[in-house]
Amino acid sequence: MSKNVYVTTAIPYVNGAPHIGHTLDYLLADTYVRYQKKNGNTVRLQAGTDEHGNKIFKKAKENNIKVEEYVANNSKKFQDLIKKLGVEPTDFVRTTDEAHEKRVQEIWRRLEDHIYKSSYEGWYCEGCERFVPDSEYKEQNGICPDHQKPYEKLEEENYYFRIADFKDQIKEAIEKDELKILPEFRKKEMLKLLEDTPDVSISRPKKQLSWGVPVPGDGTQVMYVWLDALSNYITVLGYPDKDISDFWPAELQIVGKDILRFHSIIWPAMLLGLGLPLPKVLLSHGHVQTNGEKMSKSLGNVVDPLEVLDKYGLPAFRYYFLRHADTFLDADFTWEKYDAAYNNELANDLGNLVQRLATLCKKNNIVGLFDYQPKKDSSYCAMMDEFYFSKAFDYAWEKVSDLNKHIDDEKPWTLAKEGKTEQVVKVLTSLVKDLLDAADLLEPFLPETAEKINQIFKSENIAPPETPLFPKS
RNA sequence: CGCGGGGUAGAGCAGUCUGGUAGCUCGUUUGGCUCAUAACCAAAAGGUCGUUGGUUCAAAUCCAACCCCCGCAACCA
């Protein structure tokens with residue numbers, strides 16, 4: 001029975017070029033999408049860019065470029081990256097799309113029962129155009145370090161979204177895994193957080209924030225990021241103009257750990273307010289660090305994803321970040337580790353396996369198994385169904401390692417020398433089947449590679465590829 | 001006392017829920033093989049499981065206290 005599956009990725013804020021961490025979202029989503037497609041399901045994959053807000057407005061100004069142009073350029077960078085990663089979203093949303101803006105305004109209207117106006121009072125820096133928390137105020141002794149000006153007490157009107165109206169419902173949904181938060185320790189964290197979440201401010205005075213969606217019915221206020229950005233998951237499906245029940249609720253929403261809180265609290269509250277069902281799974285992945293340190297501009301250790309992609313190509317990139325980045329924990333990237341993974345694992349384990357087995361087949365005239373149907377593997381499926389992709393990948397890789405052992409155990413070259421032709425054919429055929437099984441498990445992670453393996457071992461005359469799958473560097 | 005994660009062989013990690021001879025990968029050393037991308041396979045060396053105390057016949061695993069790393073957050077996407 002085929003079903004509809006909707007998968008979403010977080011929409012990055014386009015105030016700069018893509019960061020290596022953004023790729024995790026896309027790779028994880030893509031892996032799941034491919035797995036679901038293999039299972040015969042119809043999949044819709046969303047991606048997009050978050051393009052409103054002061055930071056972006058200022059950046060554009062600094063660069064002396066129209067803000068519309070600035071966000072378009074940056075959005076393009078993300079779209080290019082997605083393409084390079086071999087990911088093909090069915091839907092791409094930009095929060096500056098007219099359709100999105102109109103739909104968000106309608107969403108606002110539908111939530112109005114839970115929205116109220118109130119004033120916020122706090123320490124404000126004119127230069128930064130922002131409020132600072134009391135702790136920061138104290139730390140800096142009341143003077144903004146960037147502008148050398150004392151903070152001033154300022155009061156401003158904001159619209160607030162009454163989270164309190166939905167707390168109990170959200171709590172129950174999370175506890176019962178109706179809204180399943182992965183990994184488990186994040187679920188605990190979110191439940192704790194939910195308890196003392198205050199109502200959230202969802203607008204800013206227009207004079208302070210001009211680059212955003214106007215609040216319907218109040219020309220003085222503009223929507224603040226959350227209502228605008230989070231809505232993308234459903235506006236892209238056409239809500240509220242269209243019936244979205246074919247694909248909503250989403251099967252899987254993927255976010256970074258830093259924004260999980262908004263997706264576990266504000267987002268469910270919005271959905272409940274709209275009378276929509278909650279997504280089934282919220283998966284939060286970790287961040288990519290380097291040498292155990294956070295990547296940051298100030299530390300000067302930022303790694304450019306495009307540079308990594310260029311070094312060994314896409315399969316190597318997907319391999320590293322899907323297998324060596326634990327699906328749920330922080331990952332560590334260093335060039336040394338990347339090189340080691342490429343040479344020791346992709347080249348020596350898999351690439352060399354394909355080479356030696358293909359050569360053995362060629363020398364012994366083994367015919368390709370062109371209509372072979374790979375076996376289903378229930379352990380693998382269990383891990384994939386639990387969204388533990390890096391574990392499933394490990395499992396698939398074990399099959400690859402085992403094959404290298406089996407070849408050594410069976411010693412087909414010895415059998416051939418002894419003239420045991422029948423046995424050679426039997427042994428090699430069985431090894432090829434095992435390899436095709438392994439390739440099948442690898443397919444969601446390394447589609448290109450799996451395809452190549454299929455081509456080689458399903459063709460009439462099996463022969464090693466002219467250039468090895470993963471040439472050593 | 002904000003919340004959370006972690007401290008196990010040179011490195012990276014699993015094992016902790018459900019106590020019972022401490023395991024995997026890389027690296028190192030030695031041996032084997034020759035189908036293969038100087039690849040592959042096998043074996044060995046290497047750990048008082050952060051500290052202290054407790055429970056138990058038995059603790060990496062349970063309990064308590066403490067030390068050390070890291071992440072998130074404080075209306076900053």
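The structure displayed is predicted, hence computed values, not measured ones. Below, chain A is the first sequence line, B the second, and so on; all start at residue 1.
Within 4.0 Å of A/K188, counting heavy atoms only, lies no atom of the nucleic acid at all. Counting any heavy atom pair closer than 4.0 Å across all strands shown, A/F262 reaches no nucleic acid atom. Residue A/A340 is out of contact with every strand shown, counting any heavy-atom pair closer than 4.0 Å. Using a 4.0 Å heavy-atom distance criterion, A/P412 is classed as making no nucleic acid contact. Within 4.0 Å of A/D50, counting heavy atoms only, lies no atom of the nucleic acid at all. Looking at heavy-atom distances under 4.0 Å, A/Q289 makes contact with sugar-phosphate atoms alone, never a base. In this structure, A/S201 reaches the bases: a heavy-atom distance under 4.0 Å links it to at least one base atom across the strands shown. In this structure, A/R204 reaches the bases: a heavy-atom distance under 4.0 Å links it to at least one base atom across the strands shown. Nucleic acid contact class of A/K192 (heavy atoms, under 4.0 Å, all strands): sugar-phosphate only.
The local environment of NZ in A/K458 is crowded, with over 12 non-hydrogen atoms from other residues, nucleotides or ligands closer than 6.0 Å. For A/K61, the NZ atom counts as loosely surrounded, since its 6.0 Å shell holds 12 or fewer non-hydrogen atoms of other residues, nucleotides or ligands. Taking a 6.0 Å sphere around NZ of A/K167, one finds it holds more than 12 heavy atoms contributed by other residues, nucleotides or ligands. Crowding of A/K76 atom NZ: a count of heavy atoms from other residues, nucleotides or ligands under 6.0 Å not exceeding 12.
Taking for each of A/K363 and A/E345 the nucleotide of RNA chain B with the nearest heavy atom, the 5'-most of the two is the partner of A/E345. In terms of position on RNA chain B, the residue among A/L360 and A/D408 whose nearest nucleotide sits closer to the 5' end is A/L360.
Following rounding to the nearest Å, A/W413 (CH2) and B/C33 (P) show an atom-to-atom distance of 11 Å. If you take NE2 of A/H285 and P of B/G71, they are 16 Å apart, rounded to a whole angstrom. One can place NZ of A/K257 at 13 Å from P of B/C70, the figure rounded to the nearest angstrom. A straight line from CG of A/L431 to P of B/C35 spans 16 Å, rounded to a whole angstrom. Atom NZ of A/K337 and atom C1' of B/C26 are 11 Å apart (whole Å). A straight line from CG of A/L350 to C1' of B/A39 spans 13 Å, rounded to a whole angstrom. Rounded to whole Å, the distance from CD1 on A/I407 to C1' on B/A39 is 12 Å. Distance CG (A/N404) to P (B/U34): 16 Å, rounded to an integer number of Å.
Taking the charged nitrogens against the carboxylate oxygens, A/K77 and A/D80 have no contact shorter than 4.0 Å, which rules out a salt bridge.
For A/I259, taking side-chain heavy atoms from C-beta onward, the closest of the listed nucleotides B/C41, B/C40, B/A77 is B/A77. The side chain of A/K417 approaches B/C35 more closely than any other nucleotide in the set B/A77, B/C35, B/G4. Among B/G27, B/G4, B/A77, the nucleotide with an atom closest to any side-chain atom of A/K55 is B/A77. Taking the side chain of A/F185 as heavy atoms from C-beta on, and the options B/C41, B/C72, B/G5, the nearest nucleotide is B/G5.
Looking at A/D332 and A/Q289, their side chains never bring a donor and an acceptor atom within 3.5 Å of each other.
Side-chain N/O atoms of A/N352 and base N/O atoms of B/A39 include no donor-acceptor pair closer than 3.5 Å.
Using atom P as the reference point in both B/U51 and B/G7, the two lie 13 Å apart (nearest Å).
Taking 4.0 angstrom as the limit, A/N348 places a side-chain polar atom (N or O) nearer than this to OP1 or OP2 of B/C40.
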